[in-house]
Amino acid sequence: MRAFSYLRPDSVAEAIEAVAGDPDAVFLGGGTNLVDLMRLGVAAPVRVVDVSGLSTSIADDDSGGLRIGAGVRNSDLAADLRIRRRYPALSQALLSGASGQLRNMATLGGNLLQRTRCLYFQDTSKPCNKRQSGTGCPARTGIHRDLGVLGVSESCIATHPSDMAVALAALDAVVVVAGPDRSRRLGLDEFYRQPGDDPMRDNTLSRGELITSVELPPPSALLGRSGYRKARDRASYAFAVGSVAAAITVRDGTVQDVRLAFGAVAPRPWRARRAEELIRGGVAGRDAFEAALDSEFAAAEPLSGNAFKIPLARNLGVAMLSALAGLETAAGS
Ligand SMILES: Cc1cc2nc3c(=O)[nH]c(=O)nc-3n(C[C@H](O)[C@H](O)[C@H](O)COP(=O)(O)OP(=O)(O)OC[C@H]3O[C@@H](n4cnc5c(N)ncnc54)[C@H](O)[C@@H]3O)c2cc1C
Ligand code: SF4
């Protein structure tokens, strides 16, 4: 690892100023991803600005929702009673990720901005368009079992690895960002970007923009019956091969409302809006859920080694919706 300076500012303004004016400075949350990437030589900041102590509370906001500080640790967020009761998908998603020790360190802001686990991205002896623009994407013809099938491009097929972000997408969370010139509130669809021909940027943040909090909408019967389900290679301490966060309300056999997002299939949490449209207002049944998800995944662009993700994610979605709708017994991850 190369030498770097460490700064722990006392305010958001000081943190933003320290990073905005220095192209070699980065924010640091719990360090569970950034420090690994520094050890691997993938990241080489000259100045590290520790923001983990700046916004660490979970507060009720005026609308009845919650405002979660970007420095809140994943374990504290998962354990918060308001989260567990009002937004169970979020608690379940957090608890399905990493390990207890990692969740004790990882912060909300850092979790949203963790980088892809693509093997080539993490290996500086290999070319990779996301690490160095224009060098190529060896994953397309190489190891891509864990990579994406939706929203990918010729340049990059990486997936976003966060479990938590999938739940936040389904819950319609808003990311609050402060920057040198302005503050912004971004839905997850606006926050993350697809690779196109510029895969080095995972999101729409500009230099110096700091995530200060995430807002959750007011609790509702829909969100209170949400859930998260994750398929992985072993029962714990493994990234998702496919995952789903969902919420659904059914009255007299008809779907009143539905939210659906998938993980580990795309460069960002994949909000399945096409499937939602087809399911909302229709009969609550497995056939309808299957047809809607087939339609959603019709846009997929699989390669030989990751085509299995389409039936995997589709079946996870059908099972999760069926469970939440009371068509099956078990719900959750
Ligand atoms: C062995 C292992 C297993 C794992 N398994 C899973 C898993 O199953 N599921 C899962 O979801 N995750 C998993 N993770 C990833 C883990 O969840 C992330 O490493 C963690 O959430 C990152 O949070 P952090 O606070 O440590 O971020 P950091 O490493 O500190 O930072 C990550 C990035 O965010 C930026 N950043 C941090 N805070 C802010 C802010 N407030 N504003 C702007 N930028 C900011 C940093 O500059 C950096 O680019 C695993 C990690 C490891 C090492
Ligand atoms: S999929 Fe993306 S991250 Fe992986 S090698 Fe290709 S360009 Fe790099």
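Any value given below was found using the heavy atoms of this structure, including those in side chains, with hydrogens, waters and symmetry copies removed. Numbering of ligands and ligand atoms starts at 1, following listing order.
Of the protein's non-hydrogen atoms, the one nearest atom 32 (C) of ligand 1 is Gly110 O, 3.7 Å. From the protein, the heavy atom lying nearest to atom 52 (C) of ligand 1 is Leu102 CD1, 3.5 Å. Looking at atom 24 (P) of ligand 1, its nearest protein heavy atom turns out to be Gly30 N, 3.4 Å. Ranking the protein heavy atoms by distance from atom 2 (Fe) of ligand 2 puts Cys156 SG, 2.4 Å first. Regarding atom 22 (C) of ligand 1, its nearest protein heavy-atom neighbour is Thr32 OG1, 3.3 Å. Scanning all protein heavy atoms for the shortest distance to atom 5 (S) of ligand 2 gives Tyr120 CB, 3.5 Å. Closest to atom 4 (Fe) of ligand 2 among all protein heavy atoms lies Cys118 SG, 2.3 Å. For atom 47 (O) of ligand 1, the closest non-hydrogen atom on the protein side is Phe27 O, 2.5 Å. Of the protein's heavy atoms, Ala98 N, 3.1 Å lies nearest to atom 7 (C) of ligand 1. For atom 50 (C) of ligand 1, the nearest non-hydrogen atom of the protein is Phe239 CZ, 3.2 Å. At the top of the distance list for atom 15 (C) of ligand 1, counting protein heavy atoms only, stands Gln114 OE1, 3.2 Å.
The one candidate from Val51, Val176, Leu113, Thr107 that meets the side-chain contact (heavy atoms from CB on, under 4.5 Å) condition with Ile211 is Leu113. When Val174, Val175, Leu171 are each tested for a side-chain contact (heavy atoms from CB on, under 4.5 Å) with Leu188, only one passes: Val175.
Below 3.5 Å of separation, one finds no N or O of Gly109 facing any N or O of ligand 1. Annotation: Tyr237 places no N or O atom under 3.5 Å from an N or O atom of ligand 1; distance criterion only. Considering backbone and side-chain N/O of Gly29, one or more are found under 3.5 Å from N/O of ligand 1. An N or O contact shorter than 3.5 Å is missing between Gly97 and ligand 1 by distance. Considering backbone and side-chain N/O of Ser162, none are found under 3.5 Å from N/O of ligand 1. Considering backbone and side-chain N/O of Val51, none are found under 3.5 Å from N/O of ligand 1. Between Thr107 and ligand 1, at least one pair of N/O atoms sits closer than 3.5 Å. Between Met105 and ligand 1, no N or O atom pair is found at a separation short of 3.5 Å. Inclusion of Asn33 in the set of residues having an N or O under 3.5 Å from an N or O of ligand 1 is warranted.
By the 4.0 Å N-to-carboxylate-O rule, Arg273 lies too far from Glu296 to be salt-bridged with it. Glu209 and Arg184 are joined by a salt bridge, as a carboxylate oxygen and a charged side-chain nitrogen come within less than 4.0 angstrom of each other. The pair Asp294-Arg314 counts as a salt bridge, with a side-chain nitrogen and a carboxylate oxygen less than 4.0 angstrom apart. The pair Asp202-Lys130 meets the salt-bridge criterion, since a charged nitrogen lies less than 4.0 angstrom from a carboxylate oxygen. Using a 4.0 Å cut-off between charged nitrogen and carboxylate oxygen, Arg259 and Asp172 count as a salt-bridge pair. A salt bridge between Arg82 and Asp60 is present, with a side-chain N of the basic residue lying under 4.0 Å from a carboxylate O of the acidic one. Between Asp198 and Arg201 there is a salt bridge, with a side-chain nitrogen of the basic residue lying less than 4.0 Å from a carboxylate oxygen of the acidic one. Asp80 has no carboxylate O lying under 4.0 Å from a charged side-chain N of Arg86, or vice versa, which leaves the two without a salt bridge.
In the vicinity of Cys137, heavy-atom distances shorter than 4.0 Å reach the ligand 2 atoms 1 (S), 6 (Fe), 7 (S). Every atom of ligand 1 is numbered from 1 in the order shown, and the set under 4.0 Å from a heavy atom of Gly31 is 24 (P), 26 (O), 28 (P), 29 (O), 30 (O). The ligand atoms of ligand 1 that sit less than 4.0 angstrom from a heavy atom of Leu210 are 40 (C), 41 (N), 42 (N). With ligand atoms numbered from 1 in the order given, ligand 2 contributes 3 (S) to contacts under 4.0 Å with heavy atoms of Phe121. Ligand 1 places these atoms under 4.0 Å from at least one heavy atom of Asp36: 53 (C). Close approach of ligand 1 to Pro161 (heavy-atom distance below 4.0 Å) involves ligand atoms 10 (C), 11 (O). Atoms of ligand 1 lying under 4.0 Å from at least one heavy atom of Ala238, given by number and element, are 8 (O).
Scanning Thr116, Thr159, Ile157 for the heavy atom closest to atom 1 (S) of ligand 2 points to Ile157. Relative to atom 29 (O) of ligand 1, the option among Leu94, Asp163, Leu34 with the closest non-hydrogen atom is Leu34. Selection from Leu113, Asn111, Ile211 by nearest heavy atom to atom 45 (C) of ligand 1 gives Leu113.
Residue contacts with ligand 1 include Lys230, since one of its heavy atoms falls under 4.0 Å from the ligand. For Ala165, the heavy-atom gap to ligand 1 stays at 4.0 angstrom or more.
The shortest heavy-atom contact between Val166 and Ser162 is CG2-O, 3.4 Å. A pairwise comparison of heavy atoms in Ala15 and Leu210 identifies CB-CD2, 4.5 Å as the closest pair. Closest of all the heavy-atom pairs between Asn111 and His160 is O-CE1, 4.1 Å.
Counting heavy atoms under 4.0 Å from ligand 2, residue Ser155 touches it through the backbone alone.
Taking 2.8 Å as the threshold, Cys128 counts as a candidate ligand of atom 8 (Fe) of ligand 2, since one of its N, O or S atoms lies below it.
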Query - CA sep, side-chain torsions, deciding dist, call: Ser295, Arg274, side-chain hydrogen bond (donor to acceptor under 3.5 Å, both in side chains) - result: CA-CA 7 Å; Ser295 179; Arg274 167 103 187 113; 2.9 Å; yes
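The shortest side-chain heavy-atom distance between Thr249 and Val255 does not fall under the 4.5 Å cut-off.
With rounding to the nearest 0.5 Å, the separation of CG in Leu28 from CZ in Arg47 is 13.5 Å.
Although no hydrogens or angles enter the test, the distance criterion places a donor-acceptor pair under 3.5 Å between the side chain of Thr116 and the main chain of Cys118.
Aromatic pair Tyr228/Tyr87: centroids not less than 6.0 angstrom apart.
Hydrophobic clustering keeps Leu90 apart from Phe262 (ILVMFWY residues linked when any side-chain heavy atoms are closer than 4.5 Å, directly or through intermediates).
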